[in-house]
Amino acid sequence: MRVDSISLEGFRNYHSLRADFHPGVNLIVGDNAQGKTNLLEAISYLSAARSHRARYDRELIGFDVDAAHIRAAVQSRGRTFDLEVKLARGRRRQLWANGVKLDTAAELSGVVHTVLFCPEDLSLIKEGAAQRRRFLDDCICQLRPRYAAALGEYRRLYEHKTRILRDSQERPDLLDTLEDFSLRMAQTGALLIHYRAHFIRKLLEYAPAVHRAFSGGGEELGLSYHTVSTVTDPLAPTRTLLQQLLDHQKTHRRAELEARQCLSGPHKDDLEVLLSGRSARMFGSQGQTRTAALSLKLAAREIFFHDSGEWPVLLLDDVLSELDQRRQEFVLNAITDGQVFITCCEEEKLQRLRSGKVFHIRGGSLLEWGER
Ligand code: ATP
Ligand code: MG
């Protein structure tokens, strides 16, 4: 998969931009606050109709305009797709592929996949479990539309059940529906665990080798999936998972009523990363955990490839400056399959790129570009 060209109008600080990309490495260079991340954000929006840093689509619309447009020519499954996204204030986003209107983000995910690594991801392993769940969710949502639907449903049920638990002392009648919500949460939760467990099993197939190549040997990367305590084997059939989730709910029913919170379900899941058998979160050095975080994303990229037969577009925002020379070299020149976008501030990094295209961005405009 690759993005051949993009045009942006009214997107963030881009009034009007058109760029033709290289099928290999594209280096986006510019000072701080010029629009490098905004460009990556636009590309990643094409794969999930969602931004990694905006909560609402309206944040993506230029301050002084009423609508934002992204248009892109994308190669996928041996065909060209003209993708179009329109965001307008006070309206729901609109998506098209080859002129046909798309109803869901999942239809867009079916065309192009992206794997994004941003500076916040450097702390993926040290941060709380929510970050790691998000990593899993972002990947699996792109790969499996059914998971995206289940995740949306689970979140709705979770919010609803939380409201019931919170308000039940004032309105005991709300408790009439509690059982039903709990059951539906267990059913949807079993699906989430099923998909997460299978994705993590795949990650385990690729991540150790990727990590060895990227870090230059040494430690072995391992992964451990932590979910609801009654689940004995997350890879078990969903009906087994459902039964075990219901068992957990039963023993936590009183505690939930007292705490007025959902205490049972996979919304607290975690992915533990191990380096040479020890928790990276607890014992890993800064450099080790950063490298491992990037290895996970690169392993996800392999999964996408093996799933669809095509490399997803890799978006690396501002990571070069955080890596040592050897790892910079790996990122710039060792990822030879698939399209890569890399942003950086320092000009000197350009010299190290052996093949690809360099774009200079200033104030939301493309100043110049060069190919090597
Ligand atoms: P850094 O190197 O610091 O990461 P960057 O080049 O990645 O910088 P961006 O995050 O792309 O910078 O942001 C560029 C500019 O876009 C910022 O000055 C920001 O204020 C501006 N900006 C963000 N949202 C909007 C918006 N909706 N409309 C117009 N400008 C915006
Ligand atoms: Mg940036």
Side-chain angles (χ1 to χ4, degrees), residues 3 5-19 21 25-72 84-94 114-124 127 131 134-135 138 290 293-294 297 313-323 327-328 331-332 339-350 352-353 356-370:
V3 183
S5 65
I6 201 164
S7 81
L8 301 178
E9 270 168 53
F11 184 89
R12 295 274 196 191
N13 70 333
Y14 289 97
H15 282 288
S16 176
L17 169 102
R18 194 194 140 88
F21 298 124
V25 180
N26 295 274
L27 204 56
I28 319 289
V29 190
D31 289 339
N32 292 132
Q34 301 307 311
K36 301 183 300 297
T37 302
N38 293 346
L39 180 55
L40 258 51
E41 187 178 36
I43 296 171
S44 80
Y45 197 94
L46 295 172
S47 66
R50 199 161 91 78
S51 154
H52 65 292
R53 57 178 184 170
R55 192 171 163 145
Y56 302 105
D57 282 341
R58 60 173 181 269
E59 296 166 43
L60 307 175
I61 302 172
F63 294 143
D64 49 2
V65 295
D66 289 324
H69 251 105
I70 311 174
R71 289 190 192 84
E84 194 178 338
V85 175
K86 187 173 179 192
L87 311 172
R89 292 192 196 281
R91 288 192 61 175
R92 209 177 118 75
R93 56 151 169 68
Q94 294 172 283
T114 59
V115 171
L116 170 88
F117 193 88
C118 61
E120 297 83 73
D121 290 324
L122 286 164
S123 51
L124 181 68
E127 286 287 313
Q131 303 262 111
R134 187 168 175 165
F135 161 64
D138 283 349
R290 288 177 165 193
L294 196 42
K297 294 268 177 161
V313 178
L314 179 63
L315 306 169
L316 299 174
D317 191 16
D318 219 10
V319 289
L320 287 180
S321 54
E322 305 295 336
L323 302 174
R327 289 173 174 78
Q328 285 185 19
V331 166
L332 281 170
Q339 193 179 33
V340 190
F341 289 81
I342 306 173
T343 69
C344 67
C345 294
E346 304 92 342
E347 292 269 343
E348 94 249 18
K349 299 279 187 304
L350 309 184
R352 322 250 315 260
L353 177 71
K357 215 163 168 180
V358 180
F359 299 84
H360 292 265
I361 301 283
R362 191 191 292 160
S365 294
L366 181 59
L367 281 188
E368 55 166 325
W369 59 269

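Indexing begins at 1, ligand by ligand and atom by atom, following the structure's order. Hydrogens, waters and symmetry mates are skipped; everything else that's a heavy atom, side chains included, is used.
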Residues in the immediate environment of ligand 1 (any heavy atom closer than 4.0 angstrom):
Arg12, Asn13, Asp31, Asn32, Ala33, Gln34, Gly35, Lys36, Thr37, Asn38, Arg53, Glu59, Ile61, Gly62, Phe63, Cys345
Would Ile70 and Leu60 satisfy side-chain contact (heavy atoms from CB on, under 4.5 Å), going step by step from the backbone distance to the final call?
CA-CA 11 Å; Ile70 311 174; Leu60 307 175; over 6 Å; no
What pair of heavy atoms forms the shortest contact from Arg53 to Glu59, and how long is it?
O-OE1, 4.2 Å
For Arg89 and Gly62 the tightest heavy-atom approach is NH2-O, 2.9 Å
Any N/O/S atom from Thr37 (main chain or side chain) under 2.8 Å of the Mg ion (ligand 2)?
yes
How far apart are the C-alpha atoms of Ile6 and Leu39, what are their side-chain angles, what is the distance that settles it, and do they pass the side-chain contact (heavy atoms from CB on, under 4.5 Å) test?
CA-CA 9 Å; Ile6 201 164; Leu39 180 55; 4.3 Å; yes
Using the ring centroid of each side chain, check whether Phe341 and Phe21 are separated by less than 6.0 Å.
yes
As a quick check of understanding, evaluate salt bridge (charged side-chain N to carboxylate O under 4.0 Å, His left out) for Arg327 and Glu322, giving each step before the final call.
CA-CA 9 Å; Arg327 289 173 174 78; Glu322 305 295 336; over 6 Å; no
